[in-house]
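Start at 1 with the first residue, then count along the sequence.
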Amino acid sequence: GKSVLTPGIEGHRLHTGPDNKFGEFTDIDVKDQPFKKAILARVKERPAEVWHVQISTLLAEPVKRGDVVLASFQVRKIESKNAGGDGAFSVYFGAPDSGLEPTITLELTAGADWKIVRIPREVAADYEAGKGMLNFDLGNAPQLLEFADIKLINYGQKVKVSDLLSSGH
């Protein structure tokens with residue numbers, strides 16, 4: 001498979017909502033993990049829409065309907081005001097505002113320990129480079145989350161979704 005996202009932690013677009021008041025992001029160094037950098041995401045107050053605080057990474061290459069992709073990333077919660085105390089966020093892979101069906105729309109939680117998340121899917125529509133994107137929508141509640149090692153690997157049509165390791169989502 002081949003990575004199809006804009007490379008590097010600096011390739012992530014970080015949105016903090018109208019007037020930039022709902023969140024803030026910091027690139028941090030990480031020790032004792034296979035990755036060295038992470039994005040520290042702070043949701044200061046709950047915005048009207050969860051996507052007003054968002055990590056968004058554009059496709060560097062197009063993907064085609066029927067291709068099999070694996071979205072993977074590491075996440076942990078530092079603090080959260082969500083019921084139950086876990087961090088809460090949504091994962092989206094598609095082309096917003098295009099009318100095309102999204103490939104991933106999933107709500108997840110994160111605890112205090114680093115957790116690797118693997119989401120294999122068959123691509124639902126053709127997404128163009130620079131239009132398709134992998135997003136993490138974070139505005140569920142005031143919280144502090146860390147994200148690292150964000151990848152989207154395209155295996156084309158050489159494998160089936162069931163061939164890829166999933167984290168149970």
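Annotation: the span from Ile119 atom CD1 to Leu164 atom CG amounts to 12.5 Å, rounded to 0.5 Å. The distance from atom CG of Leu58 to atom OG1 of Thr6, rounded to the nearest 0.5 Å, is 5.0 Å. Taking CG from Leu134 and CD1 from Ile55, the interatomic distance works out to 9.5 Å, rounded to the nearest 0.5 Å. Here the CZ atom belonging to Phe25 is positioned 7.5 Å from the CD1 atom belonging to Ile39, to the nearest 0.5 angstrom. Remark: Thr57 OG1 to Lys151 NZ distance equals 13.5 Å, nearest 0.5 Å. Here Leu165 contributes atom CG and Leu70 contributes atom CG; the two are 8.0 Å apart, rounded to the nearest 0.5 Å.
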- Message: Evaluate Tyr92 against Ile104 for side chain to side chain contact (heavy atoms under 4.5 Å, CB included), listing each step before the verdict.
- Response: CA-CA 5 Å; Tyr92 170 93; Ile104 300 172; over 6 Å; no
- Task: Assess whether side chain to side chain contact (heavy atoms under 4.5 Å, CB included) is satisfied between Phe93 and Leu59, documenting all intermediate values.
- Result: CA-CA 10 Å; Phe93 173 54; Leu59 287 174; 4.0 Å; yes
- Item | side chain to side chain contact (heavy atoms under 4.5 Å, CB included) between Val91 and Phe136, intermediate numbers included | CA-CA 5 Å; Val91 180; Phe136 301 94; 4.0 Å; yes
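Between Leu100 and Ala125, the shortest heavy-atom distance links the atoms CB-CB, 4.0 Å. Counting all heavy atoms, side chain and backbone alike, Ala60 lies closest to Ala129 at O-CB, 3.6 Å. Shortest non-hydrogen contact noted between Arg76 and Ala112 is CD-O, 3.6 Å. The minimum heavy-atom distance linking Pro96 with Asn135 is given by the pair CG-ND2, 4.3 Å. Closest of all the heavy-atom pairs between Ala141 and Asn82 is CB-OD1, 3.0 Å. The minimum heavy-atom distance linking Glu45 with Phe22 is given by the pair CG-CD2, 3.4 Å.
Counting only N and O atoms by type, the side chains of Asn154 and Glu61 include no donor and acceptor under 3.5 Å apart. When only modelled atom types and interatomic distance are considered, Arg13 and Ser56 share a side-chain donor-acceptor pair under 3.5 Å. A donor atom on one side chain and an acceptor atom on the other are found under 3.5 Å apart for Tyr127 and Thr103. Asp137 and Gln54 share a donor-acceptor pair across their side chains, judged by distance under 3.5 Å alone.
Residue Trp114 qualifies as enclosed at atom CH2: its count of foreign heavy atoms under 6.0 Å is above 12.
With Glu146 contributing its side chain and Gln74 its backbone, the two residues share no donor-acceptor pair below 3.5 Å. Side-chain atoms of Asn140 come within 3.5 Å of backbone atoms of Ala88 as a donor-acceptor pair (strictly under, hydrogens ignored).
In this pair, Phe147 and Phe73 present their aromatic rings tilted. The plane angle is within the 30 to 60° band.
Clustering ILVMFWY residues whenever any of their side-chain heavy atoms sit less than 4.5 angstrom apart, transitively, puts Leu106 in the very cluster that holds Val123. No path of Ile, Leu, Val, Met, Phe, Trp and Tyr side chains, each step under 4.5 Å between heavy atoms, connects Val53 with Trp51, placing them in separate hydrophobic clusters.
For Thr16, the side-chain hydrogen bond (donor to acceptor under 3.5 Å, both in side chains) partners at least two apart in sequence or on another chain are Asn20.
Residue pairs that meet the side-chain hydrogen bond (donor to acceptor under 3.5 Å, both in side chains) test with at least one member in residues 33-44, sequence neighbours left out, are Glu24-Arg42, Asp29-Lys37.
Between Lys115 and Asp113 there is no salt bridge, since no side-chain nitrogen of the basic residue lies less than 4.0 Å from a carboxylate oxygen of the acidic one.
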